[in-house]
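Every value quoted in this text rests on a predicted model; they were computed, and no experiment measured them. Naming convention: chains lettered A, B, ... in sequence-line order (proteins, then strands); numbering from 1 in each chain.
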There are 2 protein chains.
Amino acid sequence: MRPQKISDQELTVNMLEILRSRGYDGSSLNDLALVGGLKKASLYHRYPGGKETLVQSVLDHFTGEFEHRVFSVLTAKKKKPKKKLTAALRSIALIYDNGGANCLYRALSMQSGMEIFGAQIRENCQKWLKSFEHIGKDFGFKKKKSKLLALESLIKIQGSLVLSNIFGDRKLFIETLNDIKNSYLGN
Amino acid sequence: MRPQKISDQELTVNMLEILRSRGYDGSSLNDLALVGGLKKASLYHRYPGGKETLVQSVLDHFTGEFEHRVFSVLTAKKKKPKKKLTAALRSIALIYDNGGANCLYRALSMQSGMEIFGAQIRENCQKWLKSFEHIGKDFGFKKKKSKLLALESLIKIQGSLVLSNIFGDRKLFIETLNDIKNSYLGN
DNA sequence: GTCTATAGCTAGATAGAC
DNA sequence: GTCTATCTAGCTATAGAC
């Protein structure tokens, strides 16, 4: 057994960078291999199913980050809601590099990506909504208002990511996170 | 001179459908030719510069729709602001097929598309912000508040398009348009 | 103005050496 | 576990017949 040139974890993180910025069709196996310091044939040893399973694995990692750093924080039983929301929003800022990095879900949400990963992307966005709905109720809002706040939060995150990407202006994303926080704290 | 199989206008509209749903890398010249009932070699007669100029032309058409149906409406001197905003939002609903169609700017905003069209996409989004800022002032809001409302509108449109696309739920987009209208009318 | 044919390249994927 | 070499299919693009 030869040693791995790069760990699975590290390779996944590097490939995430490519995929979230170039999308499914725009990311070649050559590109994906190179960011790991590998040749593309080597990727088939780690991902025998090819590109689809490779991206699947990166998508799972990305989703795992949310489950671990955002969803589980928001739905935790202890702590005050304000502390939980603040921590979750800080994690979101981290995951999106303060607006400098795209959302992988969005990057994969063009037709080719949606055909393959649509169901999972939908499912994960649903979890997002549920966990934000949870924190809304935790703040004392009624169910309907909590649902609305959750949806508005997700809309604002996705929209501000699109725009901070187009304008190359991270401030736009940061301020939107603050706006979301204020929508829960009651402006 | 043989007659065209399909008019430039019609071909552009058909190709827009492909590009906005599949992005730059995901749309092959073969796909783009077929929706016009042509072979891909024929596209080089209309667009001698190849794929880049072809997409450029579709992008120009898309931007023209906004200039004509949205920006010019919002900045018109006559009429009451409410009527202008209502008309503009109705046009936006039309352009995005009530949330069923993607934004071409977003579809082209992955890395490969941004390298080529980034400057124009940025410029057009700036025009969007300016025209919404204009209507804000028209409603009597101060400059700062008008700028904020404009930015929030664009964020909400882009975000709700991403989500209505992911969830396959146009209601989400329609309700966001209403939300934007209300943000100008003072809830 | 559109077509067939094809060049030249790069994509995803596989075989087998080391 | 990674590599070189290679296959096939698809891509963008061009040449030239009709």
Atom [atom1] of [X] and atom [atom2] of [N]: how far apart are they, to the nearest Å?
X     : N      : atom1 : atom2 : result
B:L32 : D:dG10 : CG    : C1'   : 15 Å
A:R22 : C:dA11 : CZ    : C1'   : 14 Å
B:L43 : C:dT2  : CG    : P     : 9 Å
A:K51 : D:dG10 : NZ    : P     : 15 Å
A:L38 : D:dG1  : CG    : C1'   : 9 Å
B:H45 : D:dT14 : NE2   : P     : 14 Å
A:N30 : D:dC11 : CG    : P     : 19 Å
B:L34 : C:dT2  : CG    : C1'   : 14 Å

- prompt: Going by an N to O cut-off under 4.0 Å, is there a salt bridge joining A:K137 and A:E133?
  reply: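 So A:K137 pairs with A:E133 through a salt bridge.
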OP1 or OP2 of [N] sitting under 4.0 Å from any side-chain N/O of [X]?
X     : N      : value
A:R46 : D:dT2  : yes
A:K39 : D:dT2  : no
A:Y44 : C:dA13 : yes

Quick check for you: among [options], whose closest atom lies nearest to any side-chain atom of [X]?
X     : options               : value
B:L29 : D:dT12, C:dA11, C:dG1 : D:dT12
B:Q4  : C:dT2, C:dA13, D:dT12 : C:dT2
B:S28 : C:dA13, D:dT12, C:dT2 : D:dT12

message: In terms of relative ring orientation, are B:F62 and B:F66 parallel, tilted or perpendicular, with 30° and 60° separating the classes?
response: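 Perpendicular.
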message: Within the structure provided, determine whether A:V13 and A:H61 are in side-chain contact (heavy-atom separation under 4.5 Å).
response: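 Counting from C-beta outward, A:V13 and A:H61 do come under 4.5 Å.
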message: Over all strands shown, is A:S42 touching base, sugar-phosphate only, or nothing at heavy-atom distances under 4.0 angstrom?
response: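 The residue A:S42 makes base contact.
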- prompt: Can you find a donor-acceptor pair, distance only, under 3.5 Å between A:K5 side chain and D:dG1 base?
  reply: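 A donor-acceptor contact between them is absent.
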field: Nearest non-hydrogen partners of A:R20 and A:A101, listed with the distance
entry: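 Looking at all heavy atoms of both residues, the closest pair is CZ-CB, 3.6 Å.
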message: Under a 3.5 Å threshold, yes or no: a donor from one side chain and an acceptor from the other, between A:D60 and A:S57?
response: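 Not at all, the side chains of A:D60 and A:S57 share no donor-acceptor pair under 3.5 Å.
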Along DNA chain C (nearest heavy atom to each residue), the more 5'-positioned of B:A41 and A:G49: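 The residue closer to the strand's 5' end, by nearest nucleotide, is B:A41.
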